[in-house]
There are 2 protein chains.
Amino acid sequence: MRAALHILDEHGLPDLTMRRLASALGVQPSALYWHFPNKQSMLAELSDRIVSRRSPDRTDEEWTARVATEAAALRDALLTYRDGAEVVSSTLAMGLGSTVAHDRLASAIAGGDFDDSTVDQAATAMLHFVLGHVFHEQQRMQYDSLGARPEPADGIEADASTPTTEFSFGIDLLVNGLLFSSQQAIDRS
Amino acid sequence: MRAALHILDEHGLPDLTMRRLASALGVQPSALYWHFPNKQSMLAELSDRIVSRRSPDRTDEEWTARVATEAAALRDALLTYRDGAEVVSSTLAMGLGSTVAHDRLASAIAGGDFDDSTVDQAATAMLHFVLGHVFHEQQRMQYDSLGARPEPADGIEADASTPTTEFSFGIDLLVNGLLFSSQQAIDRS
DNA sequence: ACCTGAACACCGTTCAAGT
DNA sequence: ACCTGAACACCGTTCAAGT
């Protein structure tokens with residue numbers, strides 16, 4: 001796992017092959033298949049390690065702030081390793097890997113007193129957004145790092161929106177969506 | 001493109017190799033490289049075809065309904081071909097492919113009279129959700145089709161939430177988030 | 001303009017056999 | 001329990017050469 005994370009971070013997911021991992025460990029490729037049934041399950045274990053980095057669990061009084069904190073911690077964890085979002089995203093899509101990312105978001109959202117189905121579906125929607133956002137963000141990072149990056153033209157700072165503010169915008173949108181629903185429920189009562 | 005779409009739908013993305021596509025066309029693999037610089041650009045063209053299926057553009061009076069319609073049309077387009085969401089998602093992440101999906105969502109959202117930056121970021125967030133959702137949905141489809149699907153136990157219909165209702169829930173959340181913002185703006189004035 | 005033939009430098013995975 | 005050696009059945013891509 002340590003060797004795999006090193007290859008991932010240093011050379012990216014396309015270079016993280018079973019053969020390359022084996023040679024980094026000074027071992028034949030076939031040796032890995034005593035420890036893992038296949039490459040997917042090796043990536044699933046890697047995915048769990050990336051996602052499990054504990055967040056600084058400040059128990060905020062406001063559930064909305066806790067959701068924002070949890071989402072930001074997840075983003076940070078994904079950003080820790082190159083192609084982290086892609087590894088986690090494809091692992092979860094395959095139905096592999098732990099559900100800890102979803103569960104942490106769900107537990108924060110549950111602070112808003114919604115029914116179980118709402119909590120679950122909101123957490124899923126938020127997880128999709130986070131993975132999609134960071135995947136996109138990391139792709140741009142290595143595109144920029146090797147391509148011609150279009151410098152912000154002229155004297156004007158062209159763009160006030162950074163990846164971080166864009167991320168917060170999306171999370172706020174989802175949280176506000178939940179607030180809107182509960183407020184409407186109150187209005188009707 | 002026709003042959004590629006056929007392989008994609010019949011055998012899935014992992015089987016859509018340049019060599020296999022070539023042999024389906026009765027041609028050597030190297031022949032494809034006269035038409036495309038590499039596999040990525042071939043997939044990008046495929047992605048554009050999948051996404052460009054025109055939606056029944058009913059010009060709904062309510063912008064919220066138009067957003068829902070546009071999002072559902074995008075989901076339908078992605079569901080038309082096996083692994084459609086994965087093809088489009090990876091293409092867009094690479095910075096390839098057209099921006100038509102984003103643009104259609106943005107144009108629907110713009111009906112709510114938000115500033116350009118809000119429209120753009122909301123469309124991006126929504127696109128991430130749609131791609132993440134359908135990717136997940138399609139992965140479950142082929143997992144179910146070849147694995148042991150856990151039948152809804154007992155006499156009770158265990159689950160009221162279908163992929164379609166889950167999808168609508170997420171879109172509604174994002175739309176309500178936008179409504180919440182504009183309503184707060186009114187409250188302050 | 002469009003394609004072939006042959007090669008290069010790789011993959012993931014299996015499995016008998018070794019220690 | 002853990003690994004080697006050798007093989008199987010593939011990949012994407014390049015490039016001189018053909019028509």
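Each chain gets a letter, A, B and so on, in the order its sequence line appears, and its residues count up from 1.
First and last contacting nucleotides of DNA chain D toward chain B (any atom under 4.0 angstrom from a heavy atom, 5' to 3' order): dC11(D) to dC15(D).
Between His128(A) and His128(B), a ring centre-to-centre spacing not shorter than 6.0 Å is recorded.
Among residues at least two apart or in separate chains, ring-ring contact (aromatic ring centres under 6.0 Å, His included) pairs with a member in residues 88-121 of chain B are Trp63(B)-Phe114(B).
Side chain to side chain, Gln121(A) and Ser117(A) meet the donor-acceptor criterion of an N or O pair below 3.5 Å. Side-chain atoms of Asp103(B) and Thr99(B) include a donor-acceptor pair closer than 3.5 Å. Looking at Ser52(A) and Asp48(A), their side chains never bring a donor and an acceptor atom within 3.5 Å of each other. Of the N and O atoms on the side chains of Thr118(B) and Asp115(B), at least one donor lies less than 3.5 Å from an acceptor on the other residue. Side chains of Thr162(B) and Glu166(B): no donor on one and acceptor on the other come within 3.5 Å.
Taking atom P in both dA17(D) and dC2(C), one finds a spacing of 22 Å when rounded to whole Å. Between dA9(C) and dA9(D), the distance separating the two P atoms is 23 Å to the nearest Å.
With contacts defined as side-chain heavy-atom distances shorter than 4.5 Å, the pair Leu78(B)/Val130(B) qualifies.
Looking at which nucleotide of DNA chain C each of Ser30(A) and Arg20(A) is closest to, the 5′-most match is held by Arg20(A).
Stem analysis of DNA chain C (Watson-Crick or G-U pairs, both distances under 3.5 Å, runs of at least three) returns C:4-8 with D:12-16, C:12-16 with D:4-8.
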